[in-house]
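Before any comments, here is the structure.
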Amino acid sequence: MHTVRMTPPTGSRPTTIDEYLAALEDPARTRLAELRNLVREEPPEATEAIKWGDPAFVHPRGTILLVISAHKAHANFTVTPSAKEAFAGELEGLETGKGA
């Protein structure tokens with residue numbers, strides 16, 4: 001039986017999003033790459049970084065806009081409270097968490 005790696009291996013912390021994705025197996029790698037490509041479209045001035053061990057997108061002022069991550073049975077797409085507030089109208093009607 002082959003086990004699909006849905007999370008990066010422990011002990012080897014990636015320093016780039018490319019390294020993070022390379023440590024994953026499909027379907028996790030494909031899904032996170034799709035999320036990454038969507039995020040790259042808006043806002044185009046955001047830069048990529050690793051924050052808390054996960055891929056993050058940072059506004060030029062230094063504010064973390066969102067973080068994506070792979071887990072055993074799901075992928076996470078977490079926006080920060082400031083990003084959530086800025087897009088409150090677009091998020092209306094969707095289930096969101098208190099801080100994300």
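Scope of the values below: all heavy atoms of this structure, side chains included, with no hydrogens, waters or symmetry mates. The structure presented is a predicted model; accordingly, all values stated were derived computationally and were not measured.
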Please name the pair of heavy atoms, one in [X] and one in [Y], separated by the smallest distance, quoted to 0.1 Å.
| X | Y | answer |
| --- | --- | --- |
| Leu21 | Arg29 | O-NE, 3.2 Å |
| Tyr20 | Gly53 | CE1-O, 3.4 Å |
| Ala70 | Ala28 | CB-CB, 4.4 Å |
| Phe57 | Ala46 | CB-CB, 4.5 Å |

If I take atom [atom1] from residue [X] and atom [atom2] from residue [Y], how far apart are they, to the nearest 0.5 angstrom?
| X | Y | atom1 | atom2 | value |
| --- | --- | --- | --- | --- |
| Thr30 | Glu25 | OG1 | CD | 11.5 Å |
| Ile17 | Ile68 | CD1 | CD1 | 6.0 Å |
| Glu45 | Arg61 | CD | CZ | 9.0 Å |
| Asp18 | Glu48 | CG | CD | 7.0 Å |
| Arg13 | Ile50 | CZ | CD1 | 9.0 Å |

Mark yes when over 12 heavy atoms from residues, nucleotides or ligands other than [X] sit less than 6.0 Å from its [atom1]; otherwise mark no.
| X | atom1 | answer |
| --- | --- | --- |
| Glu85 | CD | no |
| Arg31 | CZ | no |
| Glu92 | CD | no |

Please give the remaining members of the hydrophobic cluster of Trp52, linking ILVMFWY side chains under 4.5 Å, ordered by chain and number.
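Members besides Trp52, by chain and number: Val58, Ile64, Val67.
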
Option from Val39, Asn76, Thr80, Thr78 for which side-chain contact (heavy atoms from CB on, under 4.5 Å) with Leu66 holds:
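It is Val39, the one option of Val39, Asn76, Thr80, Thr78 that forms the side-chain contact (heavy atoms from CB on, under 4.5 Å) with Leu66.
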
For the hydrophobic clusters of this structure (ILVMFWY residues joined by side-chain heavy atoms under 4.5 Å, transitively), does one cluster hold both Leu38 and Leu24?
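Not linked; separate clusters.
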
Quick one: do Phe77 and Leu32 end up in the same hydrophobic cluster if we chain Ile, Leu, Val, Met, Phe, Trp and Tyr together by side-chain heavy atoms under 4.5 Å apart?
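Linked, Phe77 and Leu32 end up in one cluster.
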
